[in-house]
Amino acid sequence: MSTLDPPLAEIHRRVLTWYASAGRDLPWREPGCTPWGVFVSEVMSQQTPVARVEPAWSAWMRRWPTPADLAADSPGEAVRMWDRLGYPRRALRLHAAATAMVERHGGQVPADEEALLALPGVGAYTAAAVATFAYGIRTTVVDTNIRRVHARLVTGDALPAATLTRAESSLATSLLPEDDAEAATWNVAAMELGALVCTARSPRCAACPVEDLCAWRRAGSPAYDGPARRGQAWADTDRQVRGRLMALLRESPDPVAASDLAAAWPADEAKRERCLASLIEDGLVEPVGDSSYRLPA
DNA sequence: CACTCGTGGAA
DNA sequence: TTTCCAAGAGT
């Protein structure tokens, strides 16, 4: 554990100042936003770019302003409203989380990180993010943006490792400001720096408030030299087929006939049937009668 | 721990 | 056109 030079306080000051002027005015960052609004924004933002989340979040919050409002509706409606944000199991889990809030937390988003972690669809990142952004609690947030900022600024690597390491987590904790409010702002500011400036591809170092302090820049911006990162295949994968089937089911207010689902992926019947079965297993689809299907009621 | 799970925009 | 990858979670 080495002492940073220059002092951490200087990094904090510069990044917080940068964030105050360059941070985006996202609706869930407004002072009046409810913890539920923050919670929804965090779940929607898991693996989905903010630009696509923003309109979806607004529509969602208009329809279901509280956890109880969502819990009172069907999981299928949540999946339909999720539309094309991707990974629709998140919609199912968000609905289940709302139900848990009603049943176990008086209809409120819990402030305790432990309780948050117990909710469906909430992992280490989301629990910390909701605790700090909705409730101002001083806790360590580690997302892909923050990992990349730390990798470059402190460690001197072009990119972080493929999976989160213990060293990264303890580094993030060691960088956290002591003050509660400042820690919360630091968390969002570091994420924002990674999202807008310290990006994965072609970072905009000229716009970075800490470029002269960056270990990676000081080392001459060496290229990534870790193990090859395997890209996500898409064509002919189960994910593509599931997506095709879900699109049909979302668009139809009525149950969809098996023959219509078959037409959505005629090339490989076995694969199609397997995907439909997995969607049913996941609770994203339910059979109606003998040969039609719908989103869960 | 490695793998799966959607979608679409930008390089 | 192809490739990359974006506020991760669950198994």
Side-chain angles (χ1 to χ4, degrees), chain A residues 19 23-24 26-29 37-57 79 82-94 96-97 116-134 139-149 158-166 168-169 172 184 187-196 198-204 224 227-250 264-265 274-275 278-279 281-285:
Chain A
Y19 176 71
R24 292 167 291 185
L26 300 171
W28 50 86
R29 287 181 183 164
V38 173
F39 189 92
V40 171
S41 80
E42 291 303 336
V43 174
M44 285 186 170
S45 298
Q46 293 166 0
Q47 298 289 281
T48 299
V50 166
R52 264 195 291 154
V53 166
E54 206 173 337
W57 181 89
V79 172
W82 196 255
D83 196 41
R84 292 180 300 183
L85 282 179
Y87 294 144
R89 291 184 295 184
R90 290 184 293 162
L92 228 41
R93 292 174 184 145
L94 182 50
L116 283 164
L117 203 48
L119 296 170
V122 177
Y125 163 76
T126 301
V130 171
T132 197
F133 300 145
T139 187
T140 305
V141 174
V142 185
D143 81 318
T144 187
N145 290 304
I146 287 176
R147 294 183 63 210
R148 190 172 53 251
V149 168
L159 292 171
T163 57
L164 179 64
T165 64
R166 185 162 308 160
E168 287 181 83
S169 294
N187 282 329
V188 69
M191 284 174 61
E192 192 77 335
L193 187 64
L196 299 182
C198 196
T199 53
R201 289 175 294 185
S202 43
R204 301 166 50 209
Y224 173 74
R229 312 158 87 81
R230 46 186 289 279
Q232 328 170 18
W234 175 245
D236 297 329
T237 61
D238 284 10
R239 281 200 336 287
Q240 184 183 23
V241 178
R242 285 167 55 108
R244 197 72 67 86
L245 298 175
M246 287 304 296
L248 265 186
L249 291 158
R250 274 198 311 268
W265 196 267
R274 178 161 43 79
C275 286
S278 75
L279 289 170
E281 174 68 21
D282 288 345
L284 284 164
V285 175

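In what follows, chains are A, B, ... by sequence order, proteins preceding strands, each numbered from 1.
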| request: May I ask you to say what A/Asp282 touches in the nucleic acid, namely base, sugar-phosphate or nothing, with a heavy-atom cut-off under 4.0 Å? | output: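 Counting heavy atoms under 4.0 Å across all strands, no contact is made by A/Asp282.
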| request: Report which part of the nucleic acid A/Ile146 touches: base, sugar-phosphate, or nothing (heavy-atom distance under 4.0 Å, all strands). | output: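 Nothing: the residue A/Ile146, judged by heavy atoms under 4.0 Å, touches no strand.
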Quick check against the 3.5 Å criterion: does [X] have a side-chain atom that pairs as donor or acceptor with the backbone of [Y]?
X: A/Glu168; Y: A/Pro160; result: no
X: A/Arg24; Y: A/Val50; result: no
X: A/Arg244; Y: A/Trp265; result: no
X: A/Ser45; Y: A/Ser41; result: yes
X: A/Arg250; Y: A/Asp83; result: yes

| message | Given A/Met191, which partner from the list A/Val149, A/Asp143, A/Val142 fulfils the side-chain contact (heavy atoms from CB on, under 4.5 Å) test? | response |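 Answer to the side-chain contact (heavy atoms from CB on, under 4.5 Å) test with A/Met191 among A/Val149, A/Asp143, A/Val142: A/Asp143.
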| said: Tell me whether the count of non-hydrogen atoms from other residues, nucleotides or ligands lying under 6.0 Å of CZ in A/Arg204 goes above 12. | reply: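 Counting neighbours around CZ of A/Arg204, 12 or fewer heavy atoms of other residues, nucleotides or ligands fall under 6.0 Å, so no.
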| task | First locate atom CG of A/Leu193, then atom CZ of A/Arg148, and finally report the distance between them rounded to the nearest 0.5 Å. | result |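 That separation rounds to 9.5 Å.
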| note | Given protein heavy atoms under 4.0 Å, the one-letter contact record of nucleotides 2-11 of chain C, with B base, S sugar-phosphate only and - none, is simply --BBBBBSS-
| query | What distance, rounded to whole Å, do you find between the two P atoms, one in C/dT11 and one in B/dG6? | reply |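 14 Å, rounded to whole Å.
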| query | In whole Å, what separates the P atom of C/dA7 from that of B/dA10? | reply |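 So the two P atoms sit 14 Å from each other.
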| said: Going 5' to 3' along DNA chain B, between which two nucleotides do contacts with chain A fall, using a heavy-atom cut-off of 4.0 Å? | reply: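 So the contact region on DNA chain B extends B/dT4 to B/dG9.
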| In terms of the nearest nucleotide of DNA chain B, which residue is placed more toward the 5' end: A/Asp238 or A/Thr163? |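 Nearest nucleotide further toward 5': that of A/Thr163.
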